[in-house]
There are 2 protein chains.
Amino acid sequence: MEALAEYFKVFSEPNRLAVLETLRGGSLNVTAVVDKTGLSQALVSKHLKLLTIAGVVKRRPEGSLVFYEVSDKTVFKLIGQAEKLLLATRRQQLDALAAIL
Amino acid sequence: MEALAEYFKVFSEPNRLAVLETLRGGSLNVTAVVDKTGLSQALVSKHLKLLTIAGVVKRRPEGSLVFYEVSDKTVFKLIGQAEKLLLATRRQQLDALAAIL
DNA sequence: TCACAGCATAACGGCATCGTGATACTGACG
DNA sequence: CGTCAGTATCACGATGCCGTTATGCTGTGA
């Protein structure tokens, strides 16, 4: 469906994935994410907004800072599963190649 | 990382997802996929090529027909998990909304 | 109240990718 | 050999998204 494709699209961007990875350990404020990723502040803000709209991340203002945290840690399982599948796929491709040569 | 994001990108397209869904039951030739999805032949060919390059699908010519099949059915688990997470996320968003109202 | 740090947003150029229509390739079959 | 169904590819216009630069907004603290 439409919605599912859009959900996958959330994870289809390297920098966005990097931002998300940053939040694996817990909540961070924007500047901390900027420092950890090395991305520009504007870009991090943009990706965090997207992640928030997608519901992957939750926004929590605290004083003059704004903290973000993953709303459902299960996403990391999804990411892990995708990594696993990706590896298996690569292996299969190599095997198929070896069968020809 | 780079590769993982690209892998997710494979599933970030409604029509491509529809093509893939078509192959859940087994292998089909291009025309069959075209009929099942209602998409144009050129478009189906394009998506099938992408899926093949990504390793999600395998190509098997048979006479004048070309059959495609999912190379690792685990992908459907990934899709299922994403669907589940998507639903859970939507629920959380509604709960958060209800908590405010 | 002013200045500054932290964060968000606007505007813009650039690039990738989507879908279409037309065309090329390739087996099967008469 | 010629034709046709099945499949792949090309060229193209259109759309969307990425990243940057510059600017706006909001709290905090002096």
Side-chain angles (χ1 to χ4, degrees), chain A residues 1-23 26-71, chain B residues 1-23 26-71 82 96:
Chain A
M1 319 277 213
E2 280 277 334
L4 184 57
E6 275 197 23
Y7 191 65
F8 272 116
K9 192 176 293 186
V10 171
F11 307 101
S12 72
E13 242 285 325
N15 289 335
R16 199 150 50 224
L17 233 40
V19 167
L20 194 55
E21 201 62 34
T22 266
L23 300 175
S27 68
L28 291 178
N29 68 343
V30 178
T31 303
V33 174
V34 169
D35 291 346
K36 276 206 172 190
T37 58
L39 302 175
S40 77
Q41 185 265 315
L43 188 56
V44 168
S45 252
K46 230 181 199 180
H47 282 311
L48 283 174
K49 179 168 191 176
L50 257 177
L51 288 167
T52 303
I53 291 178
V56 175
V57 141
K58 275 189 303 192
R59 191 183 120 106
R60 178 168 44 88
E62 191 143 328
S64 69
L65 304 184
V66 178
F67 286 84
Y68 285 88
E69 66 182 324
V70 173
S71 47
Chain B
M1 318 292 197
E2 280 279 333
L4 184 57
E6 275 197 22
Y7 191 64
F8 272 116
K9 192 177 291 187
V10 172
F11 306 101
S12 73
E13 243 284 325
N15 289 334
R16 199 149 52 224
L17 233 38
V19 167
L20 194 55
E21 202 60 35
T22 265
L23 299 175
S27 68
L28 291 178
N29 68 342
V30 178
T31 303
V33 174
V34 169
D35 291 345
K36 275 206 173 192
T37 58
L39 301 174
S40 77
Q41 185 265 318
L43 188 57
V44 168
S45 251
K46 232 181 199 178
H47 282 310
L48 283 173
K49 180 170 190 177
L50 256 178
L51 288 167
T52 302
I53 292 178
V56 175
V57 140
K58 276 189 303 191
R59 192 183 118 107
R60 178 168 44 88
E62 190 142 330
S64 69
L65 304 185
V66 178
F67 286 84
Y68 285 88
E69 67 182 321
V70 173
S71 47

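Lettering follows sequence order; numbering is per chain, from 1. No experiment lies behind these values; they were computed from the predicted model shown.
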**Q** When you check the phosphate oxygens OP1 and OP2 of dA8(D), does a side-chain N or O of S45(B) lie under 4.0 Å from one of them?
**A** yes

**Q** For dA8(C), does either OP1 or OP2 sit under 4.0 Å from a side-chain N or O belonging to R59(A)?
**A** yes

**Q** Once you round it to whole Å, what is the distance between P of dC18(C) and CG of L48(B)?
**A**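 To the nearest whole Å, that distance equals 13 Å.
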
**Q** Can you find a heavy atom in the side chain of Y7(A) that is under 4.5 Å from one in the side chain of V56(A)?
**A**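 When only atoms from C-beta onward are counted, V56(A) and Y7(A) do touch, with a gap below 4.5 Å.
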
**Q** When rounded to the nearest 0.5 angstrom, what is the spacing between OG in S45(B) and CG in L50(B)?
**A** 11.5 Å

**Q** Answer yes or no: does a side-chain N or O of N29(A) lie under 4.0 Å from OP1 or OP2 of dG6(C)?
**A** no

**Q** Can you tell me how far P of dC18(D) sits from CG of L43(A), to the nearest Å?
**A** 9 Å

**Q** Rounded to whole angstrom units, what separation is found between the CD atom of Q41(A) and the P atom of dG24(D)?
**A**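 That distance rounds to 15 Å.
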
**Q** Taking the nucleotide of DNA chain D with the nearest heavy atom to each, does T31(B) or K46(B) sit closer to the 5' end?
**A**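 It is T31(B), whose closest nucleotide lies nearer the 5' terminus.
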
**Q** Measuring from the side chain of V66(B) (C-beta onward, heavy atoms only), which nucleotide among dT21(D), dA28(C), dA8(D) has the closest atom?
**A** dA8(D)

**Q** Taking side chain as C-beta onward, heavy atoms only, is V30(A) less than 4.5 Å from V44(A)?
**A** yes

**Q** In this structure, how many angstroms lie between the C1' atom of dT28(D) and the CG atom of L65(A), rounded?
**A** 10 Å

**Q** Whole angstrom is fine here: how far is it from NZ in K9(B) over to P in dA16(C)?
**A**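 Distance, rounded to whole Å: 10 Å.
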
**Q** Quick one: is R16(B) getting a side-chain N or O under 4.0 Å of the dT17(C) phosphate, OP1 or OP2?
**A**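 No, outside the criterion.
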
**Q** To the closest 0.5 Å, what do you measure between CG (L28(A)) and CG (D35(A))?
**A**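 Those atoms lie 10.0 Å apart.
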
**Q** May I have the distance from E13(A) (atom CD) to dT17(C) (atom P), rounded to whole angstrom?
**A** 11 Å

**Q** In whole angstrom, what separates H47(A)'s NE2 from dT9(C)'s P?
**A** 15 Å

**Q** For dG6(C) and Y68(A) - does any side-chain N or O of the residue sit under 4.0 Å from the phosphate oxygens OP1/OP2?
**A** no

**Q** At under 4.0 Å, does any side-chain N or O of N15(B) touch on OP1 or OP2 of dC18(C)?
**A** no

**Q** Starting at atom NZ of K49(A), determine the distance to atom P of dG24(D), rounded to an integer number of angstrom.
**A**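 Atom-to-atom, K49(A) to dG24(D), this comes out as 17 Å.
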
**Q** Take G63(A) and L50(A), find for each the nucleotide of DNA chain D with the closest heavy atom, and name the residue whose nucleotide sits nearer the 5' end.
**A**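 Result: L50(A).
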
**Q** Looking at every heavy atom in both V57(B) and S71(B), which two are closest together, and how far apart are they?
**A** N-OG, 3.7 Å

**Q** Looking at S40(A), does any N or O in its side chain come under 4.0 Å of the phosphate oxygens OP1/OP2 on dT20(D)?
**A** yes

